[in-house]
Amino acid sequence: MLMGQLVFAIIVWFLIRGEEPRFFMDGETDLYIVAGYAVCMVGGAWFIDQFRQRSIKRLPRVMERAASSYRATVLIRLAIIESATLLLTVIALLTYNFEPLALVVLMLAVFYWFRPTVEEFAERYG
């Protein structure tokens, strides 16, 4: 998932080099909108992750389904982050603007931070 986002962002970067930026509104407003969207998606991914973590205790026979429950949680939070990254990349392509691609780099770091770990699984289900 991470490589697909990265390759797409690199392709867009090569496509928009040397082009004059076009904006939906103006440069600053566009950047605030896409940055706000990215922050909302990171917050949404964190909120859903925390909600699913708190609901573990209420699940019947959770230990039998621990792996599938954790996998679903990870896929949901990564899908939310990936959707934000892909939208930022598409906006950069549509506007020939490099600023959303700078946010894509930050979103890729967030995507990596939200990756599944054995320690996190053990903490939640151990």
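The shown structure was predicted, so the numbers you read here are calculated from the model rather than taken from an experiment.
- With sequence neighbours left out, the side-chain hydrogen bond (donor to acceptor under 3.5 Å, both in side chains) criterion links D49 to R77, R124.
- When hydrophobic clusters are built by joining Ile, Leu, Val, Met, Phe, Trp and Tyr residues whose side-chain heavy atoms come closer than 4.5 Å, directly or via intermediates, L101 is grouped together with V7.
- Identified under the side chain to side chain donor-acceptor pair (under 3.5 Å) test for residues 101-118, with sequence neighbours left out: none.
- The side-chain heavy atoms of T85 and L108, taken from C-beta on, include a pair separated by under 4.5 Å.
- Between Q53 and T73, every side-chain heavy-atom pair lies at or beyond the 4.5 Å cut-off.
- Residues L31 and N97 have side chains not in contact (no heavy-atom distance under 4.5 Å, counting atoms from C-beta outward).
- No single ILVMFWY cluster, assembled from side-chain heavy atoms under 4.5 Å apart, contains both V39 and V105.
- Applying the side-chain hydrogen bond (donor to acceptor under 3.5 Å, both in side chains) test to E82 and every residue at least two apart in sequence or in another chain returns nothing.
- Every residue meeting the side-chain contact (heavy atoms from CB on, under 4.5 Å) condition with V90, not counting sequence neighbours, appears here in chain and number order: F8, L94.
- In this structure, T95 has no side-chain hydrogen bond (donor to acceptor under 3.5 Å, both in side chains) partners at least two apart in sequence or on a different chain.
- Taking every heavy atom of both residues into account, L78 and P116 meet most closely at CD1-CD, 4.5 Å.
- Listed by chain and number, the residues in a ring pair (Phe, Tyr, Trp, His ring centres under 6.0 Å) with F114 amount to none (sequence neighbours excluded).
- A search for side-chain hydrogen bond (donor to acceptor under 3.5 Å, both in side chains) contacts involving T29 returns D26, not counting sequence neighbours.
- Note: L6 CG to T89 OG1 = 9.5 Å, rounded to the nearest 0.5 Å.
- Of all non-hydrogen atoms in M41 and I80, the two that sit nearest each other are O-CG2, 3.3 Å.
- Residue pairs meeting the ring pair (Phe, Tyr, Trp, His ring centres under 6.0 Å) criterion with at least one member in residues 27-59: none, sequence neighbours excluded.
- In this view, L93 and V12, L15, I16 satisfy the side-chain contact (heavy atoms from CB on, under 4.5 Å) rule, not counting sequence neighbours.
- Between V104 and A9, the closest heavy-atom pair is CG1-CB, 3.9 Å.
- For the atom pair M107 CE and L87 CG, the distance stands at 10.0 Å (nearest 0.5 Å).
- Partners of A66 under the side-chain contact (heavy atoms from CB on, under 4.5 Å) rule, at least two apart in sequence or in another chain, are F121, Y125.
- With sequence neighbours left out, L75 forms a side-chain contact (heavy atoms from CB on, under 4.5 Å) with R71.
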